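Take a look at the structure below.
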Amino acid sequence: MIDAHCHLDLYPDPVVVAREAVKHGVFVVSVTTTPAAWYGTKKLAAGHDSIVTALGMHPQLVATRAKDVEQFESLVPEASWLGEVGLDGTLECRDSLAAQTDIFACILKASSRAGGRVLSIHSRGAASAVLNELRAHPDAGTAVLHWFSGTLRELHDAIELGCWFSVGEPMIRSKRGRALIERMPRHRILTETDGPFVQSNGQPVHPWNVVSVERALAEYWRRSVENVSEQLYENLMGLQAR
Ligand code: MN
């Protein structure tokens, strides 16, 4: 199983969740929301090959923590994945959208300078703006659009641009989300939880709960869960080899 976007460091008991994820055989991309969390969150992955830590700077925090970008830039050479990064154009964050865009451009430039990285990208309410930035920074690496919620047109553009997608429970619960998943190239999809932010039955989801997303994909693709699981693993290997 693959959880390509999980905030391990934000669970009340991160060490236990990390250990359980390893026990369940889940590969976890442990994303962060500030560069200040990089070293602490990396400790959760110590000794576990199946947990990779991503260096992040969440767009929702840019309004108050724009200065963090310097620390972010200095840490990029150490990270193989970047995330959570991106843009948020929803009402609560729109005031900082110009600042977010400047910072996202800095992040993409830093990624380009380092030779390109895999990026787990937030694009809520800002899919076109994210795609514009990616287009302007073609050497930044491979973009994985997490919880993509743009229009079908934006999805089409994202696919044309070579983007990947990580899909989770909230997408399979919504009709719109399912319509998007249906149109995503199967060889460019990964599964995710976005835990602990995403809840299921009033409880935060855990990395091993991605099995429910695998089951849904198996249904959409008319394949066995094992077959979907293999496909996702192949996708991940291909992505990391880029
Ligand atoms: Mn997230």
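Keep in mind the model is a prediction, meaning the values are calculated, not measured. Order of appearance sets the numbers: ligands from 1, and atoms from 1 within every ligand.
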Inset, instruction - Would you mind reporting whether Leu61 and Asp68 have side-chain heavy atoms less than 4.5 Å apart? - result: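 Not touching, per the 4.5 Å side-chain cut-off.
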Legend entry - Any Phe27 side-chain heavy atom under 4.5 Å of Val52 side chain: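 Result yes, sub-4.5 Å side-chain heavy-atom pair found.
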Inset, instruction - With side-chain contact (heavy atoms from CB on, under 4.5 Å) as the test, would you mind laying out the steps for Ile172 and Val167 before giving the verdict? - result: CA-CA 8 Å; Ile172 61 180; Val167 304; 5.6 Å; no
Inset, instruction - Quick one: sort the His7 and His58 rings into parallel, tilted or perpendicular, breaks at 30° and 60°. - result: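 Answer is tilted, since the angle falls between 30° and 60°.
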Legend entry - Phe148 CZ to Met171 CE distance, which is reported to the nearest 0.5 Å: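 With rounding to 0.5 Å, CZ (Phe148) is 8.0 Å from CE (Met171).
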Inset, instruction - Under 2.8 Å from the Mn ion (ligand 1), which protein N, O or S atoms are there? Could you list them by chain and number? - result: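 Atoms qualifying: His5 NE2, His7 NE2, Glu84 OE1, Asp194 OD1.
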Inset, instruction - Could you state whether Leu161 and Leu82 fall into the same hydrophobic cluster, counting links through intermediate Ile, Leu, Val, Met, Phe, Trp or Tyr residues with side-chain heavy atoms under 4.5 angstrom apart? - result: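 In one cluster with Leu161: Leu82, yes.
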